Undergrad: 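I have a structure I would like to understand better, so I am pasting it below and will then ask my questions one at a time.
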Amino acid sequence: MPVQELPKTYEPKAVEDKWYSLWEKAGLFHADADADRRPYCIVIPPPNVTGSLHMGHALNATLQDILIRWRRMSGDNTLWVPGTDHAGIATQNVVERQLAGQNTDRHQLGRERFIEKVWEWKKEYGGKIISQLKKLGASCDWQRERFTMDEGLSRAVREVFVRLYEEGLIYRGERLINWCPRCHTALSDIEVEHEEEKGKLYYIAYPLSHDANIRLTVATTRPETMLGDTAVAVHPLDPRYKDLIGRTVSLPLTDRKIPIIGDSILVDLEFGTGAVKVTPAHDFNDYEAGMRQSPPLPRIKMLDDKGGVLSDIPDVHADVLKQIAGRPAKKARGVIAEILHKRGLLIKTEEHNHSIGKCYRCKTVVEPYLSPQWFVKTAPLAQPAIEAVEKGRITFIPRGWENTYFEWMRNIKDWCISRQIWWGHRIPAWYCGRCGGITVSREDVKTCRACGGEEVRQETDVLDTWFSSALWPFSTLGWPEKTKELALYYPTSVLITAFDIIFFWVARMIMMGLHFMGEIPFRHVYIHAIVRDAEGQKMSKSKGNVIDPLVMIERYGADAFRFTLAAFAAQGRDIKLATERIEGYRNFANKIWNAGRFVFMNIENDFSPNSKLITPDSSLADRWMASRLQAAIKDVEAALAEYRFNDAASSLYHFIWHEYCDWYLELSKPALSLGKDAPGRKAAQTVLVRTLETFLRLLHPIMPFITEEIWQRIPEQARGGSGYIMASPFPVPDDRLIDYDAEQDMQMVMDAILAIRNIRGEMNIPPTQHVNAIIKVEDKKLAEHLEQNSGYIKTLARAKDIRIGTDEKKPHASATAVIKGAELFVPLEGLIDLAAERDRLRKEIARLSKDIEMFSKKLSNKDFLERAPKAVVEKDTMKLDELKAMREKLERNLKMLG
RNA sequence: GGGCGAUUAGCUCAGUGGGAGAGCACUGCCUUCACACGGCAGGGGUCGCAGGUUCAAACCCUGCAUCGCCCACCA
């Protein structure tokens with residue numbers, strides 16, 4: 001397309017899909033495990049198959065893609081392993097809802113048929129998030145895409161389970177666990193979210209067995225659970241009650257006599273009445289207290305697995321049971337309170353806030369529930385995992401998260417890994433119907449290992465979803481097979497994730513990786529923020545505040561969206577995303593696009609640049625630009641190496657917009673308008689096109705699409721090849737091009753230009769109106785230098801005539817500016833309103849006086865002069881002199897204006 | 001109860017001991033031949049509050065306030 005026909009605004013939609021499919025077809029995402037280059041590997045935190053791309057995924061994937069693209073261009077053998085998680089409970093819930101819509105449920109279908117249904121669902125909808133990642137530009141190796149329930153990973157899961165079992169690190173036992181009555185399954189501790197809720201504290205009288213006139217008052221938030229009480233606890237040192245220890249109370253509404261026990265851990269002397277009802281089957285603290293007694297307290301279950309009151313609780317009066325059997329606990333609470341009230345046993349109630357545990361998947365209130373479950377014994381696994389971080393073999397970025405990690409790991413509890421659902425890795429354990437023995441095996445078994453009996457039935461529970469995710473860094477690379485991928489890419493280079501799954505996932509990967517691979521799973525853990533909306537609210541469908549990444553990509557382009565996320569990555573915890581910000585970076589993309597158009601308009605289609613970026617024909621501006629480019633390369637490289645994504649983004653933004661576009665494109669115009677064969681023109685064209693080409697490569701990791709689109713339009717000779725920018729080398733700074741003299745000289749010219757522009761702006765001189773300028777310089781060398789480059793000043797400051805010399809005089813009625821080593825005058829007569837200018841000067845002088853006073857004070861401080869570093873004192877002294885000089889000049893100015 | 005983080009311009013946020021910054025928004029001038037998704041210039045801040053350390057504090061220390069998050073068994 002001829003340059004003239006390139007649209008004036010960049011249109012992302014027209015190019016993004018095109019380049020993505022070309023890259024993919026060219027195999028640029030695929031890693032070659034045989035290649036002999038430094039490996040660099042990231043495994044994606046596998047999104048749930050049920051998920052669709054939200055802001056968190058977008059940020060997460062963008063940061064990974066930036067690193068992967070950067071390392072790939074830098075020559076590493078990069079592998080980014082993608083995949084999805086089967087998300088046990090979440091996925092089962094989704095499919096169950098679907099079934100409900102068809103007026104059926106999983107029990108009608110049966111286990112096998114239901115699992116088939118889930119697989120069908122996965123086949124139809126599970127790929128959604130993958131295609132969305134592609135929209136974002138993610139350069140994952142799709143040929144290596146994995147799923148936590150695919151064949152290889154399932155084998156890894158069984159291998160790990162069996163080995164841990166054989167090592168005694170997995171055990172089965174009846175314990176009090178968190179139970180979601182709605183999902184109908186056990187949950188691990190961290191799958192329970194606690195929320196503060198308003199409730200009531202009920203004071204209930206328990207009559208002593210030997211004398212019903214003496215009543216012990218207990219306080220509870222859950223009076224209904226008294227039906228499962230098997231003791232009342234008091235503090236052993238409590239003078240009010242200590243003599244009662246060993247006696248019994250008659251539990252109201254039942255025929256049960258329960259002991260009064262002493263327990264200093266359970267009972268807080270300050271709280272309530274100092275007497276606590278103990279319900280070991282329905283409360284974690286009570287369970288522990290029960291275990292502390294010898295013999296342990298009996299556990300009486302009073303709720304079923306749906307959270308309803310049992311109809312056959314031992315000892316409970318039939319008339320009471322009749323009123324509450326089968327009703328949910330919360331309903332039963334009111335009924336029991338009412339009955340107690342009628343019988344005069346409810347002393348009082350108080351308002352009371354307490355935290356309630358809820359299922360992290362469905363927000364249903366969880367119940368402590370006594371049931372047989374499988375557990376991982378975590379303490380022996382945690383120890384090496386703690387050491388790996390302590391000794392710095394694994395580093396968290398930012399470092400502060402290591403404390404969070406240590407805190408949890410040092411207090412880790414055994415991990416309940418069994419779930420009473422159907423979708424997931426079924427636990428590879430078989431129970432013998434004859435001898436009751438358990439056979440745990442890698443292969444399905446037909447006979448009991450203990451007695452040889454053939455009545456074996458496999459455990460119906462499946463494993464916690466996070467069990468398989470814990471193996472992700474090595475299972476995706478082929479473990480337990482000894483694959484070349486595993487040998488090459490493990491340990492992976494970095495894990496990019498959000499803080500909310502440090503416990504769920506990061507910690508467990510470290511434990512499993514160390515245990516099964518004998519090596520850390522990743523060297524760095526980069527923890528990024530959680531994305532919230534502009535008000536700082538967590539995005540959720542119910543609040544209607546969800547910003548859909550795909551809508552943003554559609555509206556502003558994937559590049560602008562990615563750049564925004566990179567620019568926001570600095571925040572440790574939260575990102576409050578504002579769409580205006582994305583719009584700003586959409587404008588940035590457009591700016592780049594038009595810089596490209598400008599370059600193409602000013603070079604020939606077959607343009608071939610000078611072999612050296614800088615030649616004797618190069619101008620000051622050329623040398624300045626070449627030098628600044630090296631600085632930009634260094635900045636971006638350093639920022640990426642330290643995961644300072646926002647710094648990389650802002651360096652690029654500033655360099656491209658404010659140095660290349662604002663200054664260099666303007667500075668190059670005079671040279672470009674020289675004759676076709678002028679060497680100065682060719683030199684400028686060379687810098688123009690090669691700087692463009694270089695910063696496109698520098699920007700590619702963050703903005704892959706627009707950089708490829710523009711790069712492909714650069715003449716082949718100027719970009720050194722016909723391939724893809726994605727596969728071209730990342731820029732390397734060339735120290736020989738760093739030219740501090742040029743930077744300093746250019747700064748002088750820029751200062752002069754800025755000074756004149758400033759005067760024009762202040763005086764409201766319209767852009768079409770040319771001005772004259774007189775520059776009085778300190779020495780001849782400066783005069784020469786400025787004279788040589790006065791063309792820049794004329795063009796960029798719209799000056800018609802410039803006089804430069806050591807003995808120039810300030811003309812009557814002119815504005816003054818002070819620049820380093822020179823004074824600059826712009827005659828104002830005939831251009832502006834002189835009276836208004838006088839006012840302005842007076843204001844300016846007042847402001848300067850204030851600053852001067854401040855600096856003088858500082859510089860007359862003896863301590864400061866003695867103890868501050870010399871450079872600081874010098875700098876401040878110079879600053880003060882400058883300020884004073886400026887004030888003097890303004891004062892003279894004012895006089896001259898009359 | 002323990003811990004972590006935040007508090008800087010109207011908004012969203014960078015900035016960890018020596019000149020208060022960016023983007024957006026705002027004001028003025030300009031459709032000048034890359035770009036009005038633009039150019040040039042400008043206004044705007046007691047860096048949450050109070051102490052302390054220091055020659056020097058947005059930055060270090062102490063306390064407080066407000067907001068947010070995480071962990072924990074207060075019935």
Side-chain angles (χ1 to χ4, degrees), chain A residues 3 6 8-10 189-190 194 201-202 218-222 225 233 265-268 270-279 283-289 352 354-355 400-401 403-404 407-408 411 499-500 502-503 530 532 534 536 538 556 560 564 567-568 570-602 646-647 650 653-654 658 661-662 665-666 669 754 757-768 796-798 851 855 858 861-869 871-873 875-876 879:
Chain A
V3 169
L6 283 183
K8 280 184 166 188
T9 47
Y10 173 61
D189 297 326
I190 48 178
H194 292 271
L201 195 57
Y202 300 81
V218 301
T220 179
T221 53
R222 300 194 59 187
T225 62
I265 298 174
L266 180 66
V267 181
D268 175 358
E270 309 288 316
F271 190 90
T273 60
V276 191
K277 61 191 276 308
V278 185
T279 324
D283 183 282
F284 288 103
N285 294 318
D286 297 2
Y287 179 86
E288 294 296 326
H352 180 70
H354 62 135
S355 78
W401 290 109
N403 288 330
T404 307
E407 175 64 22
W408 190 70
N411 299 299
F499 64 83
D500 56 346
I502 290 178
F503 305 147
I530 297 237
R532 296 167 193 279
K538 215 168 190 169
Y556 302 113
T564 310
F568 261 115
Q571 279 116 103
R573 265 158 210 266
D574 304 348
I575 289 180
K576 289 186 247 170
L577 191 81
T579 52
E580 296 79 31
R581 193 76 180 249
I582 310 176
E583 200 177 319
Y585 293 124
R586 186 272 317 266
N587 297 350
F588 177 51
N590 196 54
K591 188 77 180 176
I592 298 168
W593 177 252
N594 279 291
R597 283 180 67 224
F598 175 82
V599 173
F600 300 140
M601 284 176 187
N602 285 288
N646 59 318
D647 286 341
S650 78
Y653 187 92
H654 187 266
H658 298 304
C661 291
D662 284 354
L665 292 194
E666 298 303 324
K669 281 175 182 174
L754 287 170
R757 281 178 177 172
N758 181 300
I759 288 167
R760 301 181 62 112
E762 289 283 306
M763 301 299 148
N764 259 334
I765 301 165
T768 44
L796 271 70
R798 294 182 168 270
D851 285 359
F855 271 94
K858 192 174 176 186
N861 183 329
K862 235 164 124 188
D863 284 329
F864 172 75
L865 293 172
E866 280 168 14
R867 303 177 64 165
V872 173
V873 177
K875 226 164 93 183
D876 280 0
K879 178 92 185 173

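Just so we're on the same page: letters track the sequence lines, and every chain starts at 1. On a predicted model such as this, the values are computed, not experimentally measured, just so you know.
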Undergrad: Side chain of A/Asn590 only, please: which of B/rC71, B/rC69, B/rC37 is the nearest?
TA: B/rC37

Undergrad: Output the rounded distance in Å from CZ (A/Arg757) to P (B/rA41).
TA: 5 Å

Undergrad: Does any nucleotide pair with B/rA20 by Watson-Crick or G-U wobble geometry, both distances under 3.5 Å, and what is it?
TA: none

Undergrad: According to ring pair (Phe, Tyr, Trp, His ring centres under 6.0 Å), who are the partners of A/Tyr202, at least two apart in sequence or on a separate chain?
TA: none

Undergrad: How far, in whole Å, is B/rA36 from B/rC24 if one measures between their P atoms?
TA: 16 Å

Undergrad: Distance check needed: B/rG23 P versus A/Tyr556 OH, whole Å only.
TA: 18 Å

Undergrad: Does A/His354 put a side-chain nitrogen or oxygen below 4.0 Å from OP1 or OP2 of B/rA72?
TA: no

Undergrad: May I ask you to decide if the ring planes of A/Tyr10 and A/Trp593 are parallel, tilted or perpendicular, using 30° and 60° as cut-offs?
TA: tilted

Undergrad: Are any of A/Lys591's side-chain N or O atoms less than 4.0 Å away from OP1 or OP2 of B/rG39?
TA: yes

Undergrad: When the nearest nucleotide of RNA chain B is assigned to A/Asp189 and to A/Asp286 on a heavy-atom basis, which residue is associated with the more 5' position?
TA: A/Asp189

Undergrad: Please state the C1' separation for the pair B/rA41 and B/rG52 - nearest whole angstrom.
TA: 44 Å

Undergrad: Just call it for A/Arg798: base, sugar-phosphate, or nothing, with non-hydrogen atoms closer than 4.0 Å on any strand.
TA: base

Undergrad: Could you tell me whether A/Asp662 contacts a base, only the sugar-phosphate backbone, or nothing, with contacts defined as non-hydrogen atoms closer than 4.0 Å?
TA: sugar-phosphate

Undergrad: Applying the Watson-Crick and G-U wobble criteria at under 3.5 Å, what pairs with B/rC69? Answer none if nothing qualifies.
TA: B/rG3

Undergrad: Remember a base hit wins even if backbone is also touched, and classify A/Tyr653 as base, sugar-phosphate or nothing at under 4.0 Å, heavy atoms.
TA: sugar-phosphate

Undergrad: Using 30° and 60° as the class boundaries, would you call the ring planes of A/Phe588 and A/Tyr653 parallel, tilted or perpendicular?
TA: tilted

Undergrad: Regarding B/rC24, can its base be found pairing with the side chain of A/Arg581 as donor and acceptor, where the two atoms are less than 3.5 Å apart?
TA: no

Undergrad: Taking any heavy-atom pair under 4.0 Å as a contact, classify A/Leu665: base, sugar-phosphate, or nothing.
TA: base

Undergrad: Out of B/rA14, B/rA41, B/rC37, which has the shortest distance to the side chain of A/Asn646?
TA: B/rA14

Undergrad: Once rounded to the nearest 0.5 Å, what's the spacing between atom NE2 of A/His654 and atom CG of A/Asp662?
TA: 8.5 Å

Undergrad: On a whole-Å scale, what distance lies between the C1' atoms belonging to B/rA20 and B/rG44?
TA: 13 Å

Undergrad: Rounded to whole Å, please give me the gap between CG in A/Asp647 and P in B/rG21.
TA: 18 Å

Undergrad: How is A/His194 classified with respect to the nucleic acid when contacts are heavy atoms under 4.0 Å: base, sugar-phosphate, or nothing?
TA: nothing

Undergrad: Taking all non-hydrogen atoms of both residues into account, name the closest pair between A/Thr564 and A/Ile582 and its distance.
TA: OG1-CA, 3.4 Å

Undergrad: In whole angstrom, what separates A/Glu407's CD from B/rG5's C1'?
TA: 16 Å

Undergrad: At what distance, to the nearest 0.5 angstrom, does CG of A/Asn590 lie from OG1 of A/Thr9?
TA: 6.0 Å

Undergrad: Rounded to whole angstrom units, what separation is found between the NZ atom of A/Lys669 and the P atom of B/rC33?
TA: 9 Å

Undergrad: Is the distance from OP1 or OP2 of B/rG42 to the nearest side-chain N or O of A/Asn758 less than 4.0 Å?
TA: yes

Undergrad: Please report whether the ring centroid of A/Tyr556 lies less than 6.0 Å from that of A/Tyr585.
TA: no

Undergrad: Rounded to whole angstrom, note down the C1' distance from B/rC40 over to B/rC4.
TA: 46 Å

Undergrad: What does A/Phe271 touch in the nucleic acid at a heavy-atom separation under 4.0 angstrom: a base, only the sugar-phosphate, or nothing?
TA: base

Undergrad: Given the P atoms of B/rC73 and B/rC67, what is the spacing between them in whole Å?
TA: 26 Å

Undergrad: According to the Watson-Crick and G-U wobble definitions, with both distances under 3.5 Å, which nucleotide is paired to B/rC60?
TA: B/rG52

Undergrad: Can you figure out which of B/rC73, B/rC71, B/rA75 approaches the side chain of A/Ala219 most closely?
TA: B/rA75

Undergrad: So, under a plain 3.5 Å distance rule, would you say the side chain of A/Lys8 forms a donor-acceptor pair with the base of B/rC35?
TA: no

Undergrad: Rounded to whole angstrom units, what separation is found between the CG atom of A/Asn587 and the P atom of B/rG23?
TA: 12 Å

Undergrad: Roughly how far apart, to the nearest Å, are B/rG45 and B/rG10 at atom P?
TA: 8 Å

Undergrad: For B/rC40, give the paired nucleotide (Watson-Crick: N1-N3 plus N6-O4 or O6-N4; G-U: N1-O2 and O6-N3; both under 3.5 Å), or none.
TA: B/rG28

Undergrad: In whole Å, what is the span from the CD1 atom of A/Ile582 to the C1' atom of B/rU12?
TA: 12 Å

Undergrad: Return whichever of A/Ala595 or A/Val276 has its heavy-atom-nearest nucleotide of RNA chain B closer to the 5' end.
TA: A/Ala595

Undergrad: What I'd like to find out is whether the side chain of A/Lys277 reaches to under 4.5 Å of the side chain of A/Thr225, using heavy atoms alone.
TA: yes

Undergrad: Roughly how many Å apart are B/rC59 and B/rA50, using the P atom of each and rounding to a whole number?
TA: 13 Å

Undergrad: Using the P atoms only, state how far B/rG63 lies from B/rU27, rounded to an integer number of Å.
TA: 46 Å

Undergrad: How is A/His654 classified with respect to the nucleic acid when contacts are heavy atoms under 4.0 Å: base, sugar-phosphate, or nothing?
TA: nothing

Undergrad: Rounded to whole angstrom units, what separation is found between the CZ atom of A/Arg597 and the C1' atom of B/rA36?
TA: 13 Å

Undergrad: Assign A/Ile265 to base, sugar-phosphate, or nothing according to its heavy-atom contacts below 4.0 angstrom with the strands shown.
TA: nothing

